[in-house]
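A quick note: this is a predicted structure, and the numbers were derived from the prediction, not measured. Throughout, a chain's letter reflects where its sequence line sits, starting with A, and its residues are numbered from 1.
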Amino acid sequence: MPVRIGPFTMNFKTNVNGLAEAIHYLYADFSIINECDFIDYRVSLMRAGGLRRWIAPYMTVVAEGTSMFSKFPVNAAIPYWEWGLNRCIARFAQHYLILHAAVIEKHGNALMIVGSSGSGKSTLCAGLTFNGWRLLSDELALVSTEDHCITALARPITLKNESLKIIQQLGSHVKTGPVSHGTVKGTVAHVRPPTDSVDRVNERATPGWFVLLSYQPDAEIQLEPVTKAQAVMQIAHNAFNYGTLGVDGFKSLTQVVDTCDCYNLTYSNLDEAIALFNGDQFAIKNNVELHEAI
Amino acid sequence: MPDLQWRLRNQDELVTWRSNDETVVYDAGSGDTHLFDLVAAEGLNSLLESQLTEQEFVERLANRLDIKPDEQLHRYVGRLIEQLEAAGLLETADS
(Lines give C-alpha, C1' and ligand atoms only; values in the text may rest on other atoms or scores of the structure.)
Protein backbone atom coordinates (compact mmCIF):
# COMPACT_ATOMS: atom_id res chain seq x y z
CA MET A 1 0.00 0.00 0.00
CA PRO A 2 1.89 3.13 -1.16
CA VAL A 3 1.02 6.19 0.94
CA ARG A 4 2.21 9.79 1.02
CA ILE A 5 3.19 10.85 4.52
CA GLY A 6 4.30 14.44 4.64
CA PRO A 7 7.23 14.85 2.25
CA PHE A 8 7.78 11.10 1.96
CA THR A 9 6.24 8.33 -0.08
CA MET A 10 6.16 5.02 1.72
CA ASN A 11 5.14 1.55 0.76
CA PHE A 12 3.66 -0.47 3.62
CA LYS A 13 3.65 -4.24 3.73
CA THR A 14 2.57 -6.65 6.45
CA ASN A 15 1.42 -10.21 6.97
CA VAL A 16 0.14 -9.59 10.49
CA ASN A 17 -3.57 -10.08 11.03
CA GLY A 18 -5.34 -6.85 11.97
CA LEU A 19 -2.42 -4.51 11.35
CA ALA A 20 -3.51 -3.48 7.86
CA GLU A 21 -6.99 -2.64 9.17
CA ALA A 22 -5.53 -0.57 12.00
CA ILE A 23 -3.26 1.31 9.59
CA HIS A 24 -6.20 1.94 7.26
CA TYR A 25 -8.14 3.40 10.18
CA LEU A 26 -5.34 5.59 11.54
CA TYR A 27 -4.27 6.76 8.07
CA ALA A 28 -7.78 7.11 6.67
CA ASP A 29 -7.24 10.66 5.43
CA PHE A 30 -3.87 10.07 3.79
CA SER A 31 -3.33 9.93 0.05
CA ILE A 32 -2.87 6.55 -1.53
CA ILE A 33 -0.40 7.05 -4.37
CA ASN A 34 0.10 5.33 -7.66
CA GLU A 35 2.12 2.12 -7.50
CA CYS A 36 4.31 3.52 -10.28
CA ASP A 37 5.29 6.66 -8.35
CA PHE A 38 8.72 6.88 -6.80
CA ILE A 39 8.79 5.32 -3.33
CA ASP A 40 11.14 6.87 -0.76
CA TYR A 41 10.96 4.11 1.82
CA ARG A 42 9.71 0.54 1.76
CA VAL A 43 8.67 -0.51 5.22
CA SER A 44 7.42 -3.92 6.27
CA LEU A 45 6.26 -5.44 9.54
CA MET A 46 6.28 -9.20 9.25
CA ARG A 47 5.58 -12.10 11.52
CA ALA A 48 8.67 -14.26 11.71
CA GLY A 49 8.52 -17.67 10.09
CA GLY A 50 10.00 -20.98 11.15
CA LEU A 51 9.17 -23.21 14.07
CA ARG A 52 9.40 -20.40 16.55
CA ARG A 53 6.19 -18.86 15.29
CA TRP A 54 4.31 -21.70 16.95
CA ILE A 55 6.14 -21.42 20.27
CA ALA A 56 6.81 -17.73 20.94
CA PRO A 57 5.73 -15.71 17.92
CA TYR A 58 7.50 -12.44 17.25
CA MET A 59 7.71 -9.78 14.56
CA THR A 60 10.25 -7.57 12.82
CA VAL A 61 10.10 -4.09 11.26
CA VAL A 62 12.38 -3.64 8.25
CA ALA A 63 12.84 -0.39 6.31
CA GLU A 64 14.87 -0.21 3.13
CA GLY A 65 16.36 -3.60 3.90
CA THR A 66 17.53 -2.52 7.36
CA SER A 67 16.05 -3.87 10.58
CA MET A 68 14.42 -1.11 12.62
CA PHE A 69 13.09 -3.37 15.38
CA SER A 70 13.23 -7.11 15.73
CA LYS A 71 11.77 -9.84 17.90
CA PHE A 72 8.99 -7.87 19.54
CA PRO A 73 5.77 -9.57 20.62
CA VAL A 74 2.70 -9.76 18.41
CA ASN A 75 0.55 -7.73 20.81
CA ALA A 76 2.71 -4.65 20.13
CA ALA A 77 2.47 -4.55 16.33
CA ILE A 78 0.94 -1.09 15.99
CA PRO A 79 3.28 0.75 18.41
CA TYR A 80 6.31 -0.89 16.83
CA TRP A 81 4.99 -0.03 13.40
CA GLU A 82 4.85 3.65 14.33
CA TRP A 83 8.18 3.55 16.17
CA GLY A 84 9.65 1.79 13.14
CA LEU A 85 8.47 4.58 10.83
CA ASN A 86 10.03 7.14 13.19
CA ARG A 87 13.30 5.26 13.17
CA CYS A 88 13.20 4.89 9.39
CA ILE A 89 12.73 8.62 8.83
CA ALA A 90 15.32 9.54 11.47
CA ARG A 91 17.82 7.22 9.85
CA PHE A 92 17.30 7.92 6.17
CA ALA A 93 15.97 11.51 5.82
CA GLN A 94 19.35 13.15 6.27
CA HIS A 95 18.42 16.21 4.22
CA TYR A 96 16.63 17.49 7.34
CA LEU A 97 17.89 18.25 10.80
CA ILE A 98 15.56 15.95 12.74
CA LEU A 99 14.72 16.92 16.29
CA HIS A 100 12.95 14.73 18.83
CA ALA A 101 10.12 17.20 19.26
CA ALA A 102 6.40 17.58 18.85
CA VAL A 103 5.50 20.38 16.45
CA ILE A 104 2.25 22.26 16.10
CA GLU A 105 1.46 25.41 14.18
CA LYS A 106 -0.74 28.47 14.38
CA HIS A 107 -0.73 31.49 12.04
CA GLY A 108 2.28 30.02 10.22
CA ASN A 109 4.48 29.85 13.34
CA ALA A 110 5.73 26.52 14.65
CA LEU A 111 5.74 25.69 18.34
CA MET A 112 8.34 22.98 18.95
CA ILE A 113 7.94 21.01 22.17
CA VAL A 114 11.15 19.26 23.18
CA GLY A 115 11.29 16.66 25.90
CA SER A 116 12.43 13.18 26.71
CA SER A 117 10.09 10.21 26.88
CA GLY A 118 7.60 10.74 29.70
CA SER A 119 7.85 14.52 29.63
CA GLY A 120 4.25 14.87 28.48
CA LYS A 121 5.23 15.97 24.99
CA SER A 122 2.70 13.93 23.04
CA THR A 123 -0.08 14.65 25.56
CA LEU A 124 0.43 18.40 25.24
CA CYS A 125 0.79 18.08 21.47
CA ALA A 126 -2.51 16.18 21.23
CA GLY A 127 -4.25 18.58 23.61
CA LEU A 128 -3.25 21.57 21.51
CA THR A 129 -3.94 19.78 18.21
CA PHE A 130 -7.57 19.42 19.27
CA ASN A 131 -7.70 22.98 20.63
CA GLY A 132 -6.85 25.32 17.80
CA TRP A 133 -3.39 24.28 16.63
CA ARG A 134 -2.42 22.33 13.51
CA LEU A 135 -0.45 19.11 13.97
CA LEU A 136 2.87 18.94 12.15
CA SER A 137 4.29 15.99 14.10
CA ASP A 138 4.09 14.52 17.57
CA GLU A 139 7.59 13.08 17.46
CA LEU A 140 9.87 14.41 14.69
CA ALA A 141 10.57 18.05 13.84
CA LEU A 142 11.90 18.16 10.28
CA VAL A 143 14.05 21.30 10.02
CA SER A 144 15.19 22.30 6.55
CA THR A 145 18.98 22.64 6.47
CA GLU A 146 18.52 25.25 3.74
CA ASP A 147 15.94 27.74 5.02
CA HIS A 148 15.20 26.27 8.48
CA CYS A 149 11.45 26.10 7.96
CA ILE A 150 9.61 23.14 9.46
CA THR A 151 8.10 20.51 7.18
CA ALA A 152 4.85 18.90 8.32
CA LEU A 153 4.74 15.18 9.00
CA ALA A 154 1.25 14.75 10.40
CA ARG A 155 0.85 11.14 11.50
CA PRO A 156 -1.04 9.36 14.26
CA ILE A 157 -0.18 10.68 17.75
CA THR A 158 1.24 8.05 20.09
CA LEU A 159 -0.25 8.16 23.58
CA LYS A 160 0.72 6.11 26.57
CA ASN A 161 -1.03 5.03 29.75
CA GLU A 162 -2.89 7.86 31.55
CA SER A 163 -2.43 10.34 28.72
CA LEU A 164 -4.67 8.20 26.51
CA LYS A 165 -7.65 8.68 28.84
CA ILE A 166 -6.96 12.40 29.19
CA ILE A 167 -6.99 12.97 25.43
CA GLN A 168 -10.01 10.74 24.82
CA GLN A 169 -11.93 12.92 27.26
CA LEU A 170 -11.51 15.87 24.89
CA GLY A 171 -14.48 14.58 22.89
CA SER A 172 -15.83 12.18 20.34
CA HIS A 173 -13.89 13.92 17.56
CA VAL A 174 -10.76 12.25 18.97
CA LYS A 175 -10.49 9.02 16.98
CA THR A 176 -8.41 6.38 18.70
CA GLY A 177 -7.02 3.21 17.15
CA PRO A 178 -6.56 -0.18 18.82
CA VAL A 179 -5.03 -0.25 22.30
CA SER A 180 -1.85 -2.31 22.87
CA HIS A 181 -1.28 -3.45 26.44
CA GLY A 182 1.97 -4.60 28.00
CA THR A 183 4.42 -2.95 25.61
CA VAL A 184 7.84 -1.76 26.80
CA LYS A 185 6.20 1.63 27.37
CA GLY A 186 3.05 0.27 28.97
CA THR A 187 -0.37 0.68 27.39
CA VAL A 188 -0.09 2.45 24.04
CA ALA A 189 -2.65 3.68 21.51
CA HIS A 190 -2.69 6.11 18.63
CA VAL A 191 -4.94 9.02 17.81
CA ARG A 192 -5.81 9.67 14.21
CA PRO A 193 -4.48 13.08 13.08
CA PRO A 194 -7.21 15.63 12.31
CA THR A 195 -8.25 15.72 8.66
CA ASP A 196 -7.26 19.39 8.41
CA SER A 197 -3.70 18.60 9.51
CA VAL A 198 -3.41 15.87 6.89
CA ASP A 199 -4.95 18.01 4.15
CA ARG A 200 -2.51 20.87 4.90
CA VAL A 201 0.59 18.70 5.17
CA ASN A 202 2.28 20.59 2.33
CA GLU A 203 2.19 23.84 4.33
CA ARG A 204 5.47 24.36 6.10
CA ALA A 205 5.84 26.59 9.15
CA THR A 206 8.30 29.23 10.26
CA PRO A 207 10.05 28.44 13.55
CA GLY A 208 8.40 30.42 16.33
CA TRP A 209 9.01 28.97 19.76
CA PHE A 210 10.94 26.20 21.48
CA VAL A 211 9.48 24.84 24.70
CA LEU A 212 11.67 22.51 26.76
CA LEU A 213 9.07 20.46 28.56
CA SER A 214 8.98 18.74 31.90
CA TYR A 215 5.94 16.98 33.36
CA GLN A 216 5.85 16.89 37.16
CA PRO A 217 2.80 15.47 38.96
CA ASP A 218 0.95 18.15 40.98
CA ALA A 219 3.37 20.88 39.87
CA GLU A 220 2.11 24.42 39.33
CA ILE A 221 2.44 25.43 35.71
CA GLN A 222 5.64 27.42 35.28
CA LEU A 223 6.96 29.01 32.10
CA GLU A 224 10.44 30.53 32.28
CA PRO A 225 12.57 32.01 29.52
CA VAL A 226 15.75 30.09 28.80
CA THR A 227 18.75 31.54 26.99
CA LYS A 228 19.16 30.54 23.38
CA ALA A 229 22.59 29.06 24.05
CA GLN A 230 21.20 26.84 26.80
CA ALA A 231 18.33 25.87 24.50
CA VAL A 232 20.81 24.84 21.81
CA MET A 233 22.59 22.59 24.29
CA GLN A 234 19.39 20.85 25.36
CA ILE A 235 17.93 20.53 21.87
CA ALA A 236 21.20 19.11 20.53
CA HIS A 237 20.77 16.24 22.99
CA ASN A 238 17.29 15.66 21.57
CA ALA A 239 18.24 15.59 17.90
CA PHE A 240 18.37 12.33 16.00
CA ASN A 241 20.96 13.27 13.40
CA TYR A 242 22.71 16.35 14.82
CA GLY A 243 25.97 14.42 15.12
CA THR A 244 25.63 12.86 11.69
CA LEU A 245 25.14 16.24 10.01
CA GLY A 246 28.20 17.66 11.77
CA VAL A 247 28.85 21.36 11.16
CA ASP A 248 25.72 21.63 9.00
CA GLY A 249 23.65 20.31 11.90
CA PHE A 250 25.22 22.80 14.31
CA LYS A 251 24.64 25.72 11.94
CA SER A 252 21.05 24.67 11.25
CA LEU A 253 20.28 24.23 14.94
CA THR A 254 21.79 27.54 16.02
CA GLN A 255 20.06 29.39 13.20
CA VAL A 256 16.65 27.91 13.92
CA VAL A 257 17.00 28.58 17.65
CA ASP A 258 18.13 32.12 16.93
CA THR A 259 14.77 32.91 15.33
CA CYS A 260 12.75 31.47 18.21
CA ASP A 261 11.72 32.47 21.71
CA CYS A 262 12.82 29.71 24.07
CA TYR A 263 11.24 28.59 27.33
CA ASN A 264 11.35 25.92 30.00
CA LEU A 265 7.86 24.70 30.89
CA THR A 266 6.89 22.59 33.87
CA TYR A 267 3.29 21.43 33.98
CA SER A 268 0.95 18.82 35.37
CA ASN A 269 -2.48 19.96 34.20
CA LEU A 270 -3.29 19.81 30.49
CA ASP A 271 -6.12 22.39 30.66
CA GLU A 272 -3.75 24.94 32.21
CA ALA A 273 -1.18 24.29 29.51
CA ILE A 274 -3.76 24.62 26.73
CA ALA A 275 -4.90 27.95 28.20
CA LEU A 276 -1.29 29.15 28.33
CA PHE A 277 -0.58 28.36 24.70
CA ASN A 278 -3.86 29.81 23.51
CA GLY A 279 -3.16 33.05 25.38
CA ASP A 280 -1.49 36.24 24.23
CA GLN A 281 2.07 35.05 24.84
CA PHE A 282 1.79 32.51 22.06
CA ALA A 283 -0.32 34.51 19.66
CA ILE A 284 1.13 35.52 16.31
CA LYS A 285 4.91 35.82 16.63
CA ASN A 286 5.70 36.95 13.14
CA ASN A 287 3.58 37.72 10.15
CA VAL A 288 4.65 34.95 7.88
CA GLU A 289 3.62 33.60 4.57
CA LEU A 290 2.88 29.91 4.50
CA HIS A 291 5.57 27.98 2.73
CA GLU A 292 4.80 25.25 0.30
CA ALA A 293 6.81 22.12 0.86
CA ILE A 294 9.94 21.78 -1.23
CA MET B 1 61.11 22.49 34.07
CA PRO B 2 59.61 24.99 31.61
CA ASP B 3 55.95 25.96 31.94
CA LEU B 4 53.56 23.84 29.93
CA GLN B 5 52.26 25.40 26.75
CA TRP B 6 48.53 24.88 26.23
CA ARG B 7 46.86 24.80 22.85
CA LEU B 8 43.43 23.93 21.45
CA ARG B 9 43.26 20.34 20.29
CA ASN B 10 41.05 20.77 17.22
CA GLN B 11 41.48 24.48 16.58
CA ASP B 12 40.68 24.30 12.88
CA GLU B 13 37.53 22.30 13.57
CA LEU B 14 35.89 24.55 16.15
CA VAL B 15 32.76 26.41 15.06
CA THR B 16 31.37 29.05 17.41
CA TRP B 17 28.01 30.72 17.79
CA ARG B 18 27.45 33.58 20.18
CA SER B 19 24.13 34.63 21.67
CA ASN B 20 24.21 37.53 24.11
CA ASP B 21 26.75 36.66 26.82
CA GLU B 22 27.01 32.98 25.98
CA THR B 23 28.90 31.13 23.27
CA VAL B 24 28.23 27.65 21.98
CA VAL B 25 31.20 25.83 20.47
CA TYR B 26 30.89 22.83 18.16
CA ASP B 27 33.98 20.66 17.93
CA ALA B 28 33.73 18.99 14.53
CA GLY B 29 36.69 16.81 15.44
CA SER B 30 34.94 15.14 18.36
CA GLY B 31 31.30 15.95 17.55
CA ASP B 32 30.87 17.48 21.00
CA THR B 33 29.05 20.74 21.74
CA HIS B 34 30.14 23.03 24.58
CA LEU B 35 28.58 26.03 26.32
CA PHE B 36 30.80 28.93 27.42
CA ASP B 37 29.91 31.94 29.51
CA LEU B 38 31.34 35.35 28.63
CA VAL B 39 34.62 34.97 30.51
CA ALA B 40 35.27 31.40 29.39
CA ALA B 41 34.58 32.43 25.80
CA GLU B 42 37.24 35.15 26.11
CA GLY B 43 39.57 32.46 27.40
CA LEU B 44 38.80 30.37 24.35
CA ASN B 45 39.43 33.37 22.09
CA SER B 46 42.80 33.88 23.80
CA LEU B 47 43.76 30.31 22.95
CA LEU B 48 42.51 30.72 19.39
CA GLU B 49 45.17 33.43 18.94
CA SER B 50 48.11 31.31 20.09
CA GLN B 51 49.24 28.58 22.43
CA LEU B 52 49.88 29.89 25.94
CA THR B 53 51.47 29.05 29.24
CA GLU B 54 49.18 29.38 32.23
CA GLN B 55 50.84 32.68 33.16
CA GLU B 56 50.45 34.00 29.61
CA PHE B 57 46.85 32.82 29.62
CA VAL B 58 46.17 34.85 32.78
CA GLU B 59 47.79 37.95 31.32
CA ARG B 60 46.04 37.59 27.96
CA LEU B 61 42.67 37.14 29.61
CA ALA B 62 43.24 40.05 32.00
CA ASN B 63 44.04 42.22 29.03
CA ARG B 64 40.95 41.10 27.12
CA LEU B 65 38.65 41.67 30.09
CA ASP B 66 40.46 44.83 31.22
CA ILE B 67 40.95 43.50 34.75
CA LYS B 68 43.95 42.89 37.02
CA PRO B 69 45.77 39.54 36.74
CA ASP B 70 45.22 38.87 40.42
CA GLU B 71 45.10 35.66 42.44
CA GLN B 72 41.39 35.20 41.75
CA LEU B 73 42.01 35.27 38.00
CA HIS B 74 44.92 32.83 38.42
CA ARG B 75 42.60 30.39 40.20
CA TYR B 76 39.93 30.87 37.54
CA VAL B 77 42.34 30.18 34.69
CA GLY B 78 43.62 27.09 36.49
CA ARG B 79 40.09 25.72 36.74
CA LEU B 80 39.31 26.70 33.15
CA ILE B 81 42.35 24.83 31.88
CA GLU B 82 41.24 21.74 33.81
CA GLN B 83 37.71 22.00 32.41
CA LEU B 84 38.85 22.55 28.83
CA GLU B 85 41.27 19.65 29.07
CA ALA B 86 38.58 17.40 30.54
CA ALA B 87 36.25 18.41 27.71
CA GLY B 88 38.85 17.34 25.17
CA LEU B 89 39.34 20.86 23.86
CA LEU B 90 42.80 21.53 25.24
CA GLU B 91 46.13 19.73 25.18
CA THR B 92 49.72 20.52 25.97
CA ALA B 93 51.81 21.65 23.02
CA ASP B 94 54.07 18.60 23.29
CA SER B 95 51.13 16.15 23.10
Side-chain angles (χ1 to χ4, degrees), chain A residues 90-91 94 96-101 112 114-116 141 143-148 206-212 224-264 285-286, chain B residues 6-51 57 60-61 64-67 73 76-77 79-91 95:
Chain A
R91 174 154 185 165
Q94 297 299 319
Y96 296 100
L97 171 65
I98 304 176
L99 309 179
H100 186 197
M112 288 168 277
V114 180
S116 55
V143 181
S144 166
T145 55
E146 294 179 356
D147 64 9
H148 312 117
T206 299
W209 307 272
F210 272 107
V211 170
L212 310 174
E224 295 180 322
V226 62
T227 69
K228 292 184 178 186
Q230 289 169 6
V232 164
M233 297 300 292
Q234 292 193 48
I235 298 164
H237 284 293
N238 285 279
F240 287 99
N241 62 344
Y242 171 76
T244 306
L245 293 179
V247 173
D248 287 342
F250 176 73
K251 288 182 176 176
S252 293
L253 179 57
T254 52
Q255 287 174 29
V256 73
V257 169
D258 206 25
T259 63
C260 290
D261 297 332
C262 303
Y263 299 94
N264 281 323
K285 182 171 187 292
N286 300 307
Chain B
W6 294 98
R7 68 182 178 198
L8 293 168
R9 177 171 285 177
N10 298 317
Q11 177 157 350
D12 296 337
E13 298 185 271
L14 298 182
V15 186
T16 63
W17 175 75
R18 181 171 175 172
S19 177
N20 296 321
D21 288 343
E22 294 176 310
T23 297
V24 182
V25 177
Y26 179 71
D27 182 348
S30 67
D32 293 331
T33 308
H34 309 274
L35 177 62
F36 288 75
D37 63 19
L38 182 65
V39 179
E42 287 299 336
L44 182 77
N45 288 332
S46 301
L47 289 160
L48 282 168
E49 291 174 353
S50 65
Q51 59 186 40
F57 196 169
R60 187 77 59 89
L61 189 54
R64 279 181 162 271
L65 298 171
D66 196 21
I67 58 175
L73 187 60
Y76 176 83
V77 167
R79 286 197 305 273
L80 182 59
I81 286 173
E82 287 176 5
Q83 291 168 356
L84 293 174
E85 190 179 20
L89 288 168
L90 204 60
E91 64 183 4
S95 298

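- Residue pairs that meet the side chain to side chain donor-acceptor pair (under 3.5 Å) test with at least one member in residues 38-49 of chain B, sequence neighbours left out, are B:E42-B:R64, B:S46-B:R64, B:E49-B:R60, B:E49-B:R64.
- The structure places CZ of B:F57 at 4.5 Å from CG of B:L80, a figure rounded to the nearest 0.5 Å.
- For the atom pair CG (A:L253) and CE (A:M233), the distance works out to 10.5 Å, reported to the nearest 0.5 Å.
- Ranked by non-hydrogen atom pairs under 4.5 Å with chain B, the options A:G249, A:G246, A:G243 are led by A:G246.
- Here the straight-line distance linking atom CZ of A:F210 with atom CD1 of A:I235 works out to 4.0 Å at 0.5 Å rounding.
- Using a 4.5 Å cut-off between heavy atoms, A:V232 contacts chain B through its side chain alone, with no backbone atom that close.
- To the nearest 0.5 angstrom, B:L89 atom CG is 10.0 Å from B:L47 atom CG.
- Listed by chain and number, the residues in a salt bridge (Lys or Arg N to Asp or Glu O under 4.0 Å) with B:R7 are B:E91 (sequence neighbours excluded).
- In this structure, CG on A:L212 lies 11.0 Å from CE on A:M112, to the nearest 0.5 angstrom.
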Are there donor-acceptor atom pairs under 3.5 Å between chain B and chain A, and if so which?
residue	atom	partner	partner atom	Å
B:E22	OE1	A:T227	OG1	2.6
B:E22	OE2	A:Q230	NE2	3.2
B:T33	OG1	A:Y242	OH	2.6

